[in-house]
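Reading through the structure tokens given below for one structure.
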Number of protein chains: 2
Amino acid sequence: MNDLPTAVPLEKAYRLLNHGPVTLITSAHGGTRNVMAASWVMPIDFFPLRLTAVIDVPTYTRELIDASGCFGVNLPRRALAQTTYDAGQSTGRGRDKIADLGLDTFQATTMPVPLLHGCAGWLECKLLDPQPTATDASLLVAQVTAAWADASMFRDGRWRPEAGIDTLHYVAGGVFFPTGAPFQVRTAPGSTELD
Amino acid sequence: MNDLPTAVPLEKAYRLLNHGPVTLITSAHGGTRNVMAASWVMPIDFFPLRLTAVIDVPTYTRELIDASGCFGVNLPRRALAQTTYDAGQSTGRGRDKIADLGLDTFQATTMPVPLLHGCAGWLECKLLDPQPTATDASLLVAQVTAAWADASMFRDGRWRPEAGIDTLHYVAGGVFFPTGAPFQVRTAPGSTELD
């Protein structure tokens with residue numbers, strides 16, 4: 001794999017997730033590790049960047065996250081679409097699903113989780129305390145402690161419009177939408193959103 | 001506007017949101033109404049379909065939602081990209097932002113909120129009780145009580161791959177990604193996800 005993860009400033013890291021790409025969630029604890037597919041991941045605050053993710057309580061990933069207090073969010077590129085689908089079709093309990101899917105990993109820097117090569121971006125996440133369990137036990141809230149992007153697509157805190165933004169959006173039944181070519185509308189002078 | 005909202009079965013309605021499109025949130029109470037742009041909206045359960053949305057406490061939209069207990073989620077088509085951006089740049093307090101933006105509305109069927117013409121899909125939402133306020137007051141959780149889609153793009157519970165899926169994904173600074181052309185990976189025989 002020839003991606004080259006480059007650090008993303010945390011105040012710009014929400015931009016990795018803001019367009020709603022499908023993710024692969026990585027986790028590890030006690031000498032085991034796992035990967036699952038998740039579409040239901042989004043920011044809830046710009047900075048400090050916090051996100052929420054739906055990770056069902058009976059899953060092995062959830063067991064590892066609850067034990068370790070952390071997880072990785074990986075944004076698969078199109079070449080990993082089949083692998084992303086397959087990651088959602090079976091449990092990692094009792095085996096190394098990451099290896100079985102043929103995924104290569106590198107180590108996160110701030111959390112003890114593996115991250116996956118072949119992705120456009122990566123977020124290292126630490127569970128917050130307390131969790132919003134009052135309404136829904138599957139909803140986790142986490143703080144992002146480090147973020148990375150493939151510099152060919154995301155650099156200087158922005159997706160690069162001249163590059164193909166090679167992230168994916170999942171629907172159902174094995175159907176994905178690629179991310180389309182960006183376009184720009186007129187912005188308000190002095191908008192706080194401009195940068 | 002020539003869209004023709006067609007009912008979406010609630011067990012398939014998560015598919016309207018699963019790919020992470022930007023939304024316009026509509027709200028109404030006491031003779032006033034409003035619209036705001038929101039990217040941070042996602043399902044948290046397939047069926048009964050529940051979703052979570054980040055609606056900041058100081059916003060006028062939040063005031064109307066807290067008072068009425070309901071809101072609408074509208075998925076703007078590309079022709080509304082500038083309007084979607086503009087909706088995020090100013091408050092609706094003390095004016096009719098929906099009218100000021102030139103938006104046409106129709107009435108939701110299960111909740112007293114307006115919905116917006118020119119969109120690909122619509123979800124009518126009722127706040128759940130309790131809300132997950134322990135961690136973050138801006139995070140709302142709601143049940144979807146009815147869903148609609150433009151039948152030219154979404155029919156029989158599915159996005160139509162032969163049509164252009166004309167939804168948008170927002171990044172920052174006035175930059176949008178359109179939804180790309182769908183593609184299909186190999187699915188597992190008997191997968192519960194196939195339908």
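The shown structure was predicted, so the numbers you read here are calculated from the model rather than taken from an experiment.
Considering every non-hydrogen atom in both Pro182(B) and Val175(A), the closest pair reads CB-CG1, 3.9 Å. Scanning both residues, Pro178(B) and Ala181(A), for their nearest heavy atoms gives CD-O, 3.0 Å. The heavy-atom pair separating Leu139(A) from Met42(B) by the smallest distance is CD1-CE, 4.2 Å. Across every non-hydrogen atom of Thr187(B) and Gly174(A), the tightest pair is CG2-CA, 3.8 Å. Taking every heavy atom of both residues into account, Phe177(B) and Gly180(A) meet most closely at CD2-O, 3.5 Å. Minimum interatomic distance between Tyr170(B) and Asn18(A) (heavy atoms only, all atoms of both residues): O-ND2, 2.9 Å.
In the hydrophobic cluster analysis, where Ile, Leu, Val, Met, Phe, Trp and Tyr join through side-chain heavy atoms closer than 4.5 angstrom, Met111(B) is grouped apart from Phe71(B). Put simply, Val73(A) and Phe154(A) are part of the same group of oily side chains (I, L, V, M, F, W, Y) that touch within less than 4.5 Å, one to the next. One hydrophobic cluster, built from ILVMFWY side chains closer than 4.5 Å, cannot hold both Trp122(B) and Leu24(B); they sit in different ones. Residues Leu10(A) and Val113(A) do not share a hydrophobic cluster, clusters being chains of Ile/Leu/Val/Met/Phe/Trp/Tyr side chains in contact below 4.5 Å. Hydrophobic clustering of Ile, Leu, Val, Met, Phe, Trp and Tyr side chains at less than 4.5 Å, counting indirect connections, unites Val41(A) with Leu123(A).
When each of Pro43(B), Gly20(B), Gly88(B), Ser39(B) is checked for heavy-atom pairs under 4.5 Å with chain A, Pro43(B) comes out on top.
Using a 30° and 60° split on the angle between ring planes, Phe46(A) and Trp40(B) fall in the tilted class, from 30° to 60°.
Every residue was checked against the salt bridge (charged side-chain N to carboxylate O under 4.0 Å, His left out) condition with Arg78(B), not counting sequence neighbours, and none meets it. Residues forming a salt bridge (charged side-chain N to carboxylate O under 4.0 Å, His left out) with Arg95(A) (at least two apart in sequence, or on another chain): Asp100(A).
Of the inter-residue distances, the one linking Gln184(A) atom CD with Gln82(B) atom CD reads 9.5 Å to the nearest 0.5 angstrom.
Looking at Asp45(A), both its backbone and its side chain come within 4.5 Å of chain B, counting heavy atoms on both sides. Of the atoms belonging to Ser138(A), it is side-chain heavy atoms, and not backbone ones, that fall under 4.5 Å from chain B. When heavy atoms are compared at a cutoff of 4.5 Å, Val22(B) does not approach chain A at all. For Ile165(A), the part lying near chain B is the side chain, with the backbone staying farther off; criterion is any non-hydrogen pair under 4.5 Å. Only the side chain of Leu168(B) comes within contact range of chain A, with at least one heavy atom under 4.5 Å from a heavy atom of that chain.
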